[in-house]
Protein chains: 2
Amino acid sequence: MPNLSIGAAAKASGVKVPTIRYYESIELLPSPPRTGSNRRTYDAGDVRRLAFIRHARELGFEVEAIRTLLKLQDEPEQSCAAADAIARDRLAEVERRIASLEALRAELMRMVEGCSHGHVGECRVIEILADHGECRHHLGAEPVALAGGAGG
Amino acid sequence: MPNLSIGAAAKASGVKVPTIRYYESIELLPSPPRTGSNRRTYDAGDVRRLAFIRHARELGFEVEAIRTLLKLQDEPEQSCAAADAIARDRLAEVERRIASLEALRAELMRMVEGCSHGHVGECRVIEILADHGECRHHLGAEPVALAGGAGG
DNA sequence: CTACATCCTCTAGCGACTAGAGGATCAAGA
DNA sequence: TCTTGATCCTCTAGTCGCTAGAGGATGTAG
């Protein structure tokens with residue numbers, strides 16, 4: 001299945017067309033050969049690489065980490081200690097995030113359970129947000145950062 | 001404690017100075033009065049509002065949602081159904097994120113456990129990322145988006 | 001009087017895309 | 001052959017929620 005158009009590569013890999021071009025622009029994906037009419041052509045290897053990137057992104061790996069992983073992949077005689085370290089870092093962060101989110105969920109549940117659908121004056125949601133002292137746990141110094149950026 | 005400088009308001013509310021100015025620029029916080037030498041002066045009400053915003057942001061509320069909540073807060077005779085709905089949305093999203101992150105954690109644990117510190121050729125980390133088929137669960141269509149934005 | 005902290009405005013940058021303009025090319029049907 | 005519409009190209013600018021830095025004015029402590 002060689003010589004795929006960018007659209008076909010997008011379909012096969014699950015990475016959107018503009019995102020593929022973006023990955024090329026940041027040199028995460030090599031510039032593919034072009035047809036006579038200047039269109040990009042991809043092969044199965046590119047699709048695999050794109051799927052790899054997509055999967056890693058879904059797992060929350062940052063582009064820089066993916067870049068490192070791809071370099072490791074390109075030189076398979078290297079030690080996998082570096083790849084392992086990246087995954088471990090990721091795991092630690094994911095566990096931190098889960099802990100934050102669970103504290104957060106507890107607080108949100110407290111809010112919506114306390115809401116008696118009366119007036120805002122007695123609304124727990126507003127009240128809890130207004131009174132920081134009611135919040136016993138500590139959500140950590142850094143913001144929780146789950147505002148979903150790239151929604152469909 | 002009226003007539004605080006922006007730095008004092010920042011300290012009292014836990015919101016950084018440039019962030020306070022940013023909130024003013026997007027009209028989340030009203031423009032405060034200025035001194036003769038053009039410096040912003042805040043009072044206790046502003047500090048409360050800032051603390052409210054900060055707390056809501058820590059809980060993952062988007063600025064637009066906070067804007068709505070603040071409007072509700074300013075008119076306390078309204079029904080709190082809107083505030084409740086916003087909090088419920090937030091809760092649902094948090095629960096989705098937790099589920100994604102737990103699937104993700106399982107996969108990362110599988111990765112680092114499988115890594116025998118040999119060569120990349122046998123490295124589970126690379127292998128699992130490369131082979132999407134090994135991933136049984138589904139992380140959802142949208143990206144997990146936990147790349148920590150504003151790390152201090 | 002001298003440091004130095006704090007304040008001001010302004011612009012630009014971050015990450016990881018997404019959206020749209022404005023145009024070229026391709027594939028299929030009438 | 002013509003036409004329609006999908007796909008492709010490049011480019012710039014926008015998203016979100018800030019953060020960083022330039023370049024200058026003002027305040028405060030010793």
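Everything numeric in this text was worked out from a predicted model, so none of it was measured. A, B, ... follow the sequence lines: proteins, then strands. Residue 1 opens every chain.
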Between A:Tyr22 and C:dG15, is there a contact of a side-chain N or O with OP1 or OP2 at under 4.0 Å?
no
With heavy-atom distances below 4.5 Å as the criterion, would you say the side chains of B:Thr19 and B:Leu50 are in contact?
no
Mind listing the residues from residues 31-39 of chain B sitting with a heavy atom below 4.0 Å of DNA chain D? Number order is fine.
B:Ser37, B:Arg39
Which donor-acceptor pairs under 3.5 Å do the side chains of residues 20-34 of chain B make with protein atoms, sequence neighbours left out?
{"unit_1": "B:Glu24", "atom_1": "OE1", "unit_2": "B:Arg40", "atom_2": "NE", "d": "2.7"}
{"unit_1": "B:Glu24", "atom_1": "OE2", "unit_2": "B:Ser31", "atom_2": "OG", "d": "3.2"}
{"unit_1": "B:Ser25", "atom_1": "OG", "unit_2": "B:Tyr22", "atom_2": "O", "d": "2.7"}
{"unit_1": "B:Arg34", "atom_1": "NH1", "unit_2": "B:Asn38", "atom_2": "O", "d": "3.0"}
{"unit_1": "B:Arg34", "atom_1": "NH1", "unit_2": "B:Asn38", "atom_2": "OD1", "d": "3.4"}

I want to check one thing: is the phosphate of D:dC18, taken as OP1 and OP2, less than 4.0 Å away from some side-chain N or O of B:Lys16?
no
Side-chain contact, heavy-atom cut-off 4.5 Å: B:Val47 with B:Leu4?
yes
Nearest whole Å is fine: how far is C:dA16 P from A:Leu29 CG?
16 Å
The side chain of B:Arg57 lies closest to which of these nucleotides: C:dC7, C:dC17, D:dC18?
D:dC18
Distance check needed: C:dT6 P versus B:Lys11 NZ, whole Å only.
6 Å
Sugar-phosphate, base or nothing in reach of A:Ile26, heavy atoms under 4.0 Å
nothing
B:Glu24 CD to C:dC7 P, in whole Å, measures 14 Å
Please determine whether the number of non-hydrogen atoms from other residues, nucleotides or ligands lying under 6.0 Å from atom CZ of B:Arg48 exceeds 12.
no
Side-chain contact, heavy-atom cut-off 4.5 Å: A:Ile6 with A:Arg39?
no
Atom pair distance, as rounded to whole Å: CD in A:Glu62 and P in C:dC14:
14 Å
Under 4.0 Å from OP1 or OP2 of C:dC7: is there any side-chain N or O of B:Ser5 that close?
yes
Short side-chain N/O contact from A:Arg21 to OP1 or OP2 of D:dC9, under 4.0 Å:
yes
Closest-nucleotide ordering on DNA chain D, the 5'-leading residue of A:Gly7 and B:Thr19:
A:Gly7
Starting at CD1 of A:Ile66 and ending at P of C:dG15, how long is that distance when rounded to a whole Å?
13 Å
Separation of D:dG17 atom P from B:Glu64 atom CD, nearest Å, is 8 Å
Look at the side-chain N and O atoms of A:Arg40 and state whether any lies under 4.0 Å from the OP1 or OP2 oxygen of D:dC8.
no
Please give, in whole Å, the distance from D:dC18 P to B:Leu50 CG?
12 Å
Heavy-atom side-chain proximity of B:Val63 to B:Arg57 below 4.5 angstrom
yes
Whole-Å distance between D:dT7 C1' and A:Tyr42 OH?
14 Å
Just how far is it from atom CD1 of A:Ile86 to atom CZ of A:Phe61, taken to the nearest 0.5 Å?
7.5 Å
